[in-house]
Amino acid sequence: MTTQTTAAETPSTPTAAQAGLIGLPAPLGRALATGGGVLTIVSTFLAWTWTAEFPGDLTVYGYPGGLQVLVLIGGVLTTLFGVASYGVKGLGWLTPGSADSALKTAALGTFATAWYTVIAISTKLGGLVNLEPGGYVVAVATLAALLGALALPFERPEPEPFDPDDTGRERFRHQSRQKWNNVKAAFASEAPAPARTLPAYAEILVIAAAMALGLIVFTYGIGTEYDQLFIGFLLTAGFGFGALAKAGLVARVSAITARHRNITMAGAFAAAAAFPLTQSNDQYATIGVYILIFATVALGLNIVVGLAGLLDLGYVAFLGVGAYTAALVSGSPSSPLHVQWPFWASALLGAAVAMVFGVLIGAPTLRLRGDYLAIVTLGFGEIFRITVLNMDGTSGPDVTNGSNGISSIPNLNILGFDFGQEHQLLGATVGRFANYFLLMLLITFIVVVVFRRSSDSRIGRAWIAIREDETAALAMGINGFRVKLIAFALGACLAGLAGSVQAHVTYTVTPEQYQFAHVVPPNSAFLLAAVVLGGMGTIAGPLVGAALLYLIPAKLQFLGDYQLFAFGVALVLLMRFRPEGLIPNRRRQLEFHEETEAPAVLSKAGA
């Protein structure tokens, strides 16, 4: 008995194959999307509610505030992409990729932000009756823009054949999969054609503008004052970046930054150094310095996991080794050594001791692979925490004060510059945490340079070979054990360097700070999540992943007991739909998306 497969019915005309998701004529849909974007802009200058009890004061006419500003940005993007989709002369640079896909993404993001705001107002104030005309206008305008954008035609994928003997459930799954493929095709975009090379000064100006935009977005996001505004910021930033990527602008800027890597890195650190100068107090500089500590340690872990492919579940212990080492020689009254070394000496000592621990732990264990190595490193992390917990003078020698830790760690004083005091810098007042932010930024710069140089070296290529196929690498003559031990030691050294600064930032070093999993990062689970989430093997990936993993839980406090649940759901969805990470290298992206066209040339790290 033979089983026949039948192809799903295909459209008989080319116009049906290129129809939109919604059955409206394409010219009407385009006009509706563009007009909806214009009306959305107008609605942000109207009052959305009558009372100031809703945060952001959305009661003012003629002056957008709070969430209205985010909806205004989405409306501007929707309008620009809508006008560019008509092929208006002079706007071709705005959509070198796909104008229609960018328009759909922008309209969807604006709709999500606007309707979230309307629902939040109605929920908080007790019903739709609390909306002013502007609230109704923005709801209708964004809905019209989204429906019009979804009516734009696109190339539908070929339908998959199905078996006539399939059960009803199997047919339903087949139809659902086909509909989902159509939705993905509706938002898909082609890679933009290579742009003509601009003069060097013009490309540098583009890089500077991109860095300035990144600083503005980060400063706005970290400074959101209430929960609704932060969620609206996430929606606008996420869909806005997606729209720019669909338009091809992100690819164009990435090509420019690839030609000026050193200038890009210098510009990124210059923009980060300007962050404390934009703050009026230390409130957000505090978050910034902890993000940098988290990101620096994650970047060190990226050498072990991203380049060498070694799964380390106890990496936070090396951060603890550096922190405890620096605390013991910091002059703290809780330290049994009662010595005070200068910072450069304590930092080098913390890095060296962490590296020694990395070698001691790696030498007997790095002959293991995969899950077995992960279990051993997890055990090392717990052994470190339990050991420093028991070195309290009762269960063991009096070295770390047990659960009380080493407290009252003094502020750093480098060449007469007291990091605990306020200083004037370029006319701005720089507080304690801003001082440590700038110091930690220097440490991050050192770690980035080490990562970049090592990944481009002969050792870096050996790490990548081990990661891709250890057996083949050994057959080609690579000393796998020595190469992996170098990665382990270097990663531990960088974590210890970051820990030496963390000890002074937090004033106190306790065993509870260095658990495998904890609500507050950094811990081993969050560090590994930052590397995987951001993109393994890249520089920007762990930095972005660490910033998100630290910032989002800090801003989701209003969820209470459901905070970690919502956070976990978000991570699961991200890993489901973008398993390669937010900023993947090109080689890893191709592993998860085989249908993507491979580039002509890959760099040594596959970026």
Side-chain angles (χ1 to χ4, degrees), residues 293-324 353-389 447 451 463 466-467 470 480-481 483-496 498-499 502 510-537 541-542 545-546 548-550 553 564 567-568 571-572 574-575 579 581 588:
I293 293 173
F294 187 18
T296 304
V297 181
L299 194 58
L301 178 61
N302 198 25
I303 294 178
V304 180
V305 176
L307 293 182
L310 306 174
L311 184 56
D312 189 347
L313 298 182
Y315 188 76
V316 76
F318 298 121
L319 176 68
V321 169
Y324 267 98
V353 172
M355 182 174 64
V356 170
F357 269 85
V359 173
L360 292 177
I361 298 302
T365 61
L366 285 179
R367 300 188 186 279
L368 301 174
R369 298 186 187 183
D371 299 338
Y372 301 101
L373 177 62
I375 293 173
V376 171
T377 55
L378 176 61
F380 163 68
E382 288 302 299
I383 289 172
F384 167 79
R385 185 181 63 84
I386 295 173
T387 300
V388 296
L389 185 64
V447 174
F451 182 93
W463 286 338
I466 292 289
R467 180 192 69 190
E470 184 172 352
F481 174 75
V483 167
K484 290 191 292 184
L485 188 61
I486 292 174
F488 216 71
L490 181 58
C493 178
L494 297 179
Q502 185 204 28
T510 59
E512 286 73 20
Q513 296 174 345
Y514 308 105
Q515 302 181 37
F516 168 71
H518 194 256
V519 177
V520 180
N523 51 68
S524 293
F526 269 67
L527 287 170
L528 184 61
V531 174
V532 177
L533 171 67
M536 294 195 298
L548 290 176
L549 286 179
Y550 191 92
L564 287 179
F567 185 59
L571 287 180
V572 169
L574 183 63
M575 289 296 98
R588 184 166 176 82

Visitor: Nearest 0.5 Å please: distance from the CD1 atom of Ile383 over to the OG1 atom of Thr377.
Guide: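 Between atom CD1 of Ile383 and atom OG1 of Thr377 there are 11.0 Å.
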Visitor: As an exercise, state the distance from CD of Gln502 to CD of Gln513, rounded to the nearest 0.5 Å.
Guide: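 Taking CD in Gln502 and CD in Gln513, the distance rounds to 5.5 Å.
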Visitor: Pairs in or reaching into residues 374-384: which pass salt bridge (charged side-chain N to carboxylate O under 4.0 Å, His left out), with residues at least two apart or in two chains?
Guide: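 Qualifying pairs, neighbours excluded: Glu382-Arg385.
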Visitor: Distance from Leu533 atom CG to Leu528 atom CG, nearest 0.5 Å?
Guide: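 If I round to the nearest 0.5 Å, the distance is 11.0 Å.
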Visitor: Just wondering, more than 12 heavy atoms not from Tyr372 lying within 6.0 Å of its OH?
Guide: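 Not more than 12 within 6.0 Å, no.
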Visitor: Starting at CG of Leu389, measure out to OH of Tyr514 and round the result to the nearest 0.5 Å.
Guide: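 Going from the CG atom of Leu389 to the OH atom of Tyr514 covers 13.5 Å.
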Visitor: Could you pull out the closest heavy-atom pair between Arg467 and Gly309, with the gap in Å?
Guide: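 Shortest heavy-atom separation between Arg467 and Gly309 comes out as CG-CA, 3.8 Å.
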Visitor: Kindly state each residue pair satisfying side chain to side chain donor-acceptor pair (under 3.5 Å) with at least one member in residues 294-309, sequence neighbours excluded.
Guide: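 Applying side chain to side chain donor-acceptor pair (under 3.5 Å) to every pair that reaches into residues 294-309, excluding sequence neighbours, yields Thr296-Thr444.
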Visitor: Main chain of Val388, side chain of Tyr324: is a donor-acceptor contact present, judged purely on distance under 3.5 Å?
Guide: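 Not at all, since once roles are kept as given, no pair shorter than 3.5 Å links the two residues.
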Visitor: Do you know which two heavy atoms are closest between Ala546 and Ala298, and how far apart they sit?
Guide: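 Closest pair (atom of Ala546, atom of Ala298, distance): CB-CB, 4.5 Å.
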Visitor: Counting neighbours of CZ on Phe451 that are heavy atoms of other residues, nucleotides or ligands and sit closer than 6.0 Å, is the number greater than 12?
Guide: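 Yes, the 6.0 Å shell around CZ holds more than 12 heavy atoms from other groups.
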Visitor: What heavy-atom pair brings Phe357 and Val321 nearest, and what distance separates the two atoms?
Guide: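 Nearest heavy atoms, Phe357 then Val321: CD1-CG1, 4.0 Å.
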Visitor: Can Phe380 and Asp312 be said to form a side-chain contact (heavy atoms from CB on, under 4.5 Å), step by step?
Guide: CA-CA 10 Å; Phe380 163 68; Asp312 189 347; 6.0 Å; no
Visitor: Determine the interplanar angle of the Phe318 and Phe488 rings, folded into 0 to 90°, and report it as parallel if under 30°, tilted if 30 to 60°, perpendicular if over 60°.
Guide: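 Ring orientation, 0 to 90° scale: perpendicular.
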Visitor: Check Ala354 against Gly496 and note the closest heavy-atom contact, atom names and distance.
Guide: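 Closest approach of Ala354 to Gly496: CB-CA, 3.7 Å.
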Visitor: Would you name the heavy atoms of Gly491 and Val304 that are closest together and state the gap between them?
Guide: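 Looking at all heavy atoms of both residues, the shortest contact is CA-CG2, 4.2 Å.
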Visitor: Working to the nearest 0.5 angstrom, can you tell me the gap between Tyr315 OH and Phe516 CZ?
Guide: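 Tyr315 OH to Phe516 CZ: 15.5 Å, rounded to 0.5 Å.
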Visitor: I want to check something: taking the side chain as every heavy atom from C-beta on, are Lys484 and Glu470 in contact at a cut-off of under 4.5 Å?
Guide: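 A side-chain contact exists here, since the closest heavy-atom pair is under 4.5 Å.
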Visitor: Determine, stepwise, if the pair Val316 / Phe384 fulfils side-chain contact (heavy atoms from CB on, under 4.5 Å).
Guide: CA-CA 10 Å; Val316 76; Phe384 167 79; over 6 Å; no
Visitor: Any idea which heavy atoms bring Phe294 and Ala530 closest together, and the distance?
Guide: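 Scanning both residues, the minimum pair turns out to be CZ-CB, 4.2 Å.
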Visitor: What distance do Leu310 atom CG and Ile466 atom CD1 have between them, rounded to the nearest 0.5 Å?
Guide: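 Leu310 atom CG to Ile466 atom CD1 measures 8.5 Å (nearest 0.5 Å).
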